[in-house]
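Index from 1, following the sequence. Bear in mind the structure is a predicted one, so any value in this text is a computation, not a measurement.
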Amino acid sequence: MTEAATTSNGSNGAHPTEKRDAVVIGAGVAGLYQLYRLREQGLNVTAIDAASGVGGTWYWNRYPGARFDSESYIYQYLFSEELYTGWSWSEKFPGQPEIERWLNYVADRLDLRRDIQFGTTVKSAHFNEATQRWLVTTDKGRGIDTQFLVACCGMLSAPYVSFPGQEAFKGQLFHTARWPEQPIDFAGKRVAVIGNGATGIQVVQSIAGEVGHLKVFVRTPQYVIPMKNPKYGAAEAAAYKAKFAHLTARLPHTFTGFEYDFEQAWADLTPPQRRAVLEDCWNDGSLKLWLSSFAEMFFDEEVNAEISEFVRQKMRERLKDPKLCDLLIPSDYGFGTHRVPLEQNYLEAFHRSNVEIVSVKGNPIDCVTETGIRTADGTVHDVDIIVLATGFDAGTGALTRIDIRGRGGRSLKDDWSRDIRTTMGLQIHGYPNLFTTAVPLAPSAALCNMTTCLQQQVEWIDACIAYMRRKSLNVVEPTKETEDGWVAHHDETANATLIAKTSSWYLGSNIPGKPRRLLSYCGGVGVYREKCDEVAANDYRGFAMQ
Ligand code: NAP
C-alpha cells in the first residue's frame with residue numbers, strides 16, 4: 001500500500017503528481033497527531049498547511065492577549081505520558097506564544113516536520129471514481145494523488161471579514177486570526193475593535209492601557225467570567241503531571257472533555273445549596289460555572305434564568321455605572337447558550353477614560369471609509385487602526401474554501417450551502433475516503449475541550465484505516481441511511497437545548513445565508529465517543545467498505 005513514487009503526470013495533466021497513501025490538511029492540534037498516527041501504521045503521509053509553521057489556530061491567532069481558556073494541562077495530548085510530562089506550562093491559562101512553542105515541541109519530539117509542506121494552500125481535492133483516489137492540488141502547482149484525505153482544518157480557521165470599503169482604509173486593518181508576526185505599535189493610536197466575542201474581549205483588555213483612544217464596537221453583549229490564572233512552578237507542574245493517569249481515564253468521558261463535569265441536579269438542592277455551587281464554580285475562575293455547575297441550564301428556561309441573573313449581578317457589581325451595565329450586560333439571551341468567554345479586567349477597561357463603547361445594535365456598521373468606520377446614522381469614527389474580532393465561518397468555512405468534489409463531481413461547497421450534513425463529523429456521504437475532524441455534527445465542532453475531542457477523532461480515523469488495510473479494503477463511505485440517522489439524532493439532541501434558540505456562530509447565524517443547524521453535537525463528549533466506538537466495534541456498521 002505504501003507508495004512513495006512520483007508519477008510523471010497528474011490526472012488533469014497540469015500538475016506533476018506525487019503519490020501518497022494519505023494527505024492530511026492542516027498542521028494544528030489534529031493534523032499533527034493524525035500525521036503521526038498514520039505514519040506510525042506505515043502509511044506514506046504528507047500534511048499540508050498554509051502557515052509557515054505548525055500550530056493551526058495557535059499559529060494564526062497571535063493577536064494581543066490570545067490565550068487558553070481550557071486549563072493548559074488538559075489541553076495537552078494524552079496518548080503518550082512521555083510527551084505529556086516532557087512539557088511544563090508556566091501558568092494555568094498560558095498565552096499564544098507559549099502554546100505555539102508547545103506545538104513546536106510536539107512536532108520536534110515526534111519528528112513531524114519532514115512530512116509537512118508548509119506555506120502551501122490546498123486549492124482543490126477531487127475524487128476520481130475510476131481510480132477511487134483523490135487528486136489534491138495546491139497553490140504551488142503540485143498535485144498529490146492519494147488514497148485517503150483527512151481534513152484537519154480546524155473549526156475556527158476561516159476568518160469572517162465582512163465590511164464594504166475595507167480596501168480603501170488608509171490606516172492599518174487586521175483580522176485577529178491573521179495577525180502579523182511583528183508586534184503592532186498601538187501607543188497613542190486611535191484604535192477600533194469590532195466584536196466582543198472571546199477574541200475581542202482578550203484584545204480589548206490587553207490593549208486598553210496601551211492605546212491613545214479605544215472604541216469598542218459592541219452589537220451583542222457577553223456574559224463573562226473573570227479568569228484566575230495562577231502561575232505554575234515546578235511543584236504545580238509535578239502535581240498535574242502526577243494526574244496523568246487520572247486525566248487519561250477521565251477527560252474522554254465527561255460531557256465536554258474537561259476535567260470537571262456536571263455532578264449535581266438542580267432539583268435535588270435547596271436554593272442556598274444551589275447558590276453555594278454557583279459561587280464555588282464562579283470562584284474557580286475557569287469555565288466551571290458553564291461546564292460543571294448545572295446541566296439544566298442548557299434545557300430548562302427557569303434554571304437558565306436564575307443562573308443568568310447570578311452572572312448579571314456579578315457583572316453589575318463590577319461595572320457599577322448603569323449606562324455601562326445597559327451596554328455590556330446581556331438581557332435577551334441566557335447564560336451559556338453560546339460560548340462563554342473568560343476575561344481579565346475586561347469590564348474594568350470600560351472605566352478608563354480612553355475607552356469608549358460604540359453600541360451598534362440599533363445603529364449597525366455601514367462600511368469602512370478611508371479614515372474609519374461609518375455607522376448607519378452617518379457618523380464616521382476616525383481611527384488609525386481597525387481590529388476585526390469578527391469571528392469565523394465556523395465548522396464549514398475551512399472546507400468550503402477548498403474546491404472539494406466527491407462522487408459524480410458533487411461539490412461540498414454546494415452541498416453544504418443547502419444543508420450542513422456529516423456522519424458523526426467523521427465522514428460525509430458522497431465523499432469516499434474523505435475523513436474529517438472539527439466539522440459539524442460532532443462535539444469537536446464547538447462544545448468541548450478541543451484536544452480531547454480531536455484526539456478521539458484522529459484515533460477513530462486511524463483505527464478505521466488500519467482496519468481497512470488489515471481486510472484489504474480500499475474505500476469507505478457512510479451510507480445515506482447512516483447519515484440520515486445521525487443528522488436526525490443530532491437535530492433531536494440539539495433542538496432540545498436552549499443553545500439552538502440563541503443566535504451565534506454555534507448555529508452558523510453569524511454568516512449571512514448559512515443554513516441554520518447547531519454545529520456541535522450536544523449529546524456529550526463521552527456519549528459521542530461511545531457511539532463512535534460502537535460503530536468501530538461492529539465492523540464499521542453503516543460505513544460501506546469495499
Ligand atoms: P465570535 O464569538 O463569533 O465573535 C465575533 C464578534 O464580532 C461578535 O461580538 C459579533 O457580534 C461581532 N461582529 C461580527 N460581525 C459584526 C458586525 N457586522 N457588526 C458588529 N459586530 C460584529 O468570534 P471570536 O470572538 O473570534 O470567537 C470565536 C470562537 O473562538 C470563540 O467562541 C471561542 O470558541 C474561540 N476562541 C477561543 C479562545 C480561547 O480559547 N481562549 C479565544 C478566542 C476565541 P454578534 O455577537 O452580535 O454577532
Side-chain angles (χ1 to χ4, degrees), residues 69-71 92-93 196-198 200-202 204-205 218-230 254-256 258-351 357 361 446-447 449 496-504 506 522 524:
D69 48 20
S70 291
E71 292 76 5
K92 188 173 182 181
F93 300 108
N196 60 318
I201 284 172
Q202 291 181 334
V204 167
Q205 68 198 16
V218 174
R219 189 165 63 184
T220 309
Q222 294 276 354
Y223 294 97
V224 293
I225 299 175
M227 170 189 282
K228 287 187 183 157
N229 191 15
T254 59
F255 189 74
T256 51
F258 278 65
E259 188 179 7
Y260 35 73
D261 209 353
F262 299 104
E263 308 286 357
Q264 57 273 310
W266 181 266
D268 292 346
L269 303 186
T270 63
Q273 287 171 328
R274 292 171 190 157
R275 178 83 192 188
V277 170
L278 297 179
E279 292 286 357
D280 186 50
C281 289
W282 182 264
N283 289 330
D284 197 56
S286 66
L287 292 175
K288 235 176 159 182
L289 183 77
W290 183 34
L291 305 178
S292 95
S293 62
F294 296 100
E296 295 86 343
M297 93 173 68
F298 297 114
F299 306 100
D300 184 323
E301 305 233 9
E302 282 180 27
V303 174
N304 186 282
E306 279 201 43
I307 298 177
S308 300
E309 186 47 31
F310 171 84
V311 180
R312 282 192 209 106
Q313 185 54 33
K314 295 280 187 195
M315 293 177 71
R316 267 185 226 118
E317 283 163 16
R318 288 167 63 193
L319 280 170
K320 299 183 181 85
D321 176 354
K323 188 157 173 267
L324 284 180
C325 290
D326 279 352
L327 294 173
L328 288 171
I329 300 179
S331 56
D332 57 359
Y333 68 93
F335 174 80
T337 58
H338 71 220
R339 173 64 146 76
V340 178
L342 298 182
E343 49 80 31
Q344 295 168 296
N345 289 321
Y346 165 71
L347 297 181
E348 286 72 16
F350 293 95
H351 292 147
I357 303 179
K361 196 169 184 65
L447 205 59
N449 174 42
T497 70
L498 300 175
I499 303 175
K501 296 184 176 143
T502 301
S503 292
S504 79
Y506 274 17
C522 280

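Closest non-hydrogen pair, I329 versus R312, comes out as CG2-CG, 3.4 Å. Smallest separation of non-hydrogen atoms from V303 and M297: CG1-N, 3.9 Å. Summarising the geometry of P330 relative to L328, their closest heavy-atom pair is CD-O, 3.7 Å, with the distance given to 0.1 Å. Across every non-hydrogen atom of P341 and A198, the tightest pair is CB-CA, 3.8 Å. Of all heavy-atom pairs between P230 and K228, the closest is CD-O, 3.3 Å. Here the closest non-hydrogen pair linking L342 and G285 is CD1-O, 4.2 Å.
In this structure, the side chains of I225 and V311 stay at 4.5 Å or more apart for every pair of heavy atoms. Annotation: side chain of F335 is not in contact with side chain of F310 (no heavy-atom distance under 4.5 Å). Looking only at side-chain heavy atoms (C-beta outward), D69 and M227 come within less than 4.5 Å of each other. Within the 4.5 Å cutoff, no side-chain heavy atoms of E259 are placed close to those of E71. Here the side chains of L291 and F255 are not in contact, with every heavy-atom distance at 4.5 Å or above. You'll find the side chain of V218 stays beyond 4.5 Å of the side chain of L327, heavy atoms only. Taking the side chain as every heavy atom from C-beta outward, E296 and I307 never approach each other to under 4.5 Å. Looking at Y333 and T220, their side chains come closer than 4.5 Å, going by heavy atoms from C-beta outward.
We find that E309 and R316 are joined by a salt bridge, their nearest charged nitrogen and carboxylate oxygen being less than 4.0 Å apart.
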*Which is it for Y260 and L287 under the side chain to side chain contact (heavy atoms under 4.5 Å, CB included) test, yes or no, and what are the steps along the way?*
CA-CA 9 Å; Y260 35 73; L287 292 175; 3.7 Å; yes
_Audit row: K314, E279, side chain to side chain contact (heavy atoms under 4.5 Å, CB included) steps and yes/no_ = CA-CA 10 Å; K314 295 280 187 195; E279 292 286 357; 2.9 Å; yes
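Atom CH2 of W290 and atom NE2 of H338 lie 9.0 Å apart (nearest 0.5 Å). Taken to the nearest 0.5 Å, the CG atom of D300 stands 13.0 Å off from the OG1 atom of T497. Rounding to the nearest 0.5 Å places CZ of F294 at 5.5 Å from CG of L278. The CE atom of M315 sits 8.5 Å away from the SG atom of C325 when rounded to the nearest 0.5 Å. Atom NZ of K288 sits about 10.0 Å away from atom CG of N283, to the nearest 0.5 Å. How far OH of Y346 is from CZ of R318: 10.5 Å, rounded to the nearest 0.5 Å.
Without hydrogens or angle criteria, Q344 side chain to P226 main chain gives no donor-acceptor distance under 3.5 Å. With hydrogens and angles disregarded, no donor-acceptor distance shorter than 3.5 Å links the side chain of N449 to the backbone of F258. Between the side chain of R274 and the backbone N or O of W266 there is at least one donor-acceptor pair closer than 3.5 Å. In this structure a side-chain-to-backbone donor-acceptor pair under 3.5 Å is present from Q222 to N196.
In the displayed structure, E301 atom CD is contacted under 6.0 Å by at most 12 heavy atoms of other residues, nucleotides or ligands. The environment of E317 atom CD is dense: over 12 non-hydrogen atoms of other residues, nucleotides or ligands sit within 6.0 angstrom.
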